[in-house]
Amino acid sequence: VDAQVDQLIAVIKDIGDTDDTATTVTFGTLFYKYADISDSLVGILLRAKKRNRLYYKGDMLFQTKDDDVVITVPVA
């Protein structure tokens with residue numbers, strides 16, 4: 001599970017926008033990029049959020065409905 005979370009964080013850092021405090025990406029952008037890697041993105045996002053590795057509003061994210069939700073990974 002930790003390896004999946006680490007991989008997700010790496011993808012977000014790769015495709016997201018980074019400033020001095022965090023890297024951000026919308027769920028829609030991440031969903032389309034991550035579809036080639038894993039079909040369990042939402043589950044991995046939930047586990048990463050519970051481990052305080054990333055943040056977003058709400059709990060369960062759904063394709064199309066939540067495409068504009070911003071996912072934030074703090075700079076370590």
(message) Please find the pair of heavy atoms, one from Gln4 and one from Ile44, that lie closest to each other, and give the distance.
(response) O-CG2, 3.8 Å
(request) Please say whether more than 12 non-hydrogen atoms of neighbouring residues, nucleotides or ligands are located less than 6.0 Å from NZ in Lys33. (result) no
(message) To the nearest 0.5 Å, what is the distance between CG on Leu54 and CG on Leu45?
(response) 6.0 Å
(message) Between Lys13 (side chain only) and Val75 (backbone N and O only), is there a donor and an acceptor less than 3.5 Å apart?
(response) no
(request) Would you please name every residue forming a salt bridge (charged side-chain N to carboxylate O under 4.0 Å, His left out) with Asp2, sequence neighbours left out? (result) Arg51
(request) Report the C-alpha distance between Tyr32 and Gln63 in whole Å, list the side-chain angles of each, state the deciding distance to 0.1 Å, and finish with yes or no for side chain to side chain contact (heavy atoms under 4.5 Å, CB included). (result) CA-CA 9 Å; Tyr32 290 110; Gln63 184 184 10; 3.3 Å; yes
(message) Going by the rule salt bridge (charged side-chain N to carboxylate O under 4.0 Å, His left out), which residues pair with Asp6 if we only count those two or more places apart in sequence or in a different chain?
(response) Arg53
(request) State whether the side chain of Asp19 and the backbone N or O of Ala22 hold a donor-acceptor pair below 3.5 Å, judged by distance alone. (result) yes
(request) Compare every heavy atom of Val70 with every heavy atom of Tyr56, then report the nearest pair and how far apart it is. (result) CB-O, 3.5 Å
(message) So, taking the atom named CG in Leu41 and the one named CG in Leu61, what distance separates them when rounded to the nearest 0.5 Å?
(response) 8.0 Å
(message) Within this structure, what is the CD1-CG distance for the pair Ile71 and Leu30, rounded to the nearest 0.5 Å?
(response) 5.0 Å
(message) Would Lys49 pass as a cation-pi partner of Tyr55, given that its NZ or CZ must be under 6.0 Å from the six-membered ring centre and within 45 degrees of the axis?
(response) no
(request) Check Val25 against Gly16 and note the closest heavy-atom contact, atom names and distance. (result) CB-CA, 4.1 Å
(request) Mind checking the CD1-OG1 spacing from Ile12 to Thr23? Nearest 0.5 Å is all I need. (result) 8.5 Å
(message) Would the distance check show the side chain of Asp66 and the main-chain N or O of Phe62 forming a donor-acceptor pair, the cut-off being under 3.5 Å?
(response) yes
(message) According to side chain to side chain donor-acceptor pair (under 3.5 Å), does anything in residues 67-76 pair up with another residue at least two apart or in another chain? List the pairs.
(response) none
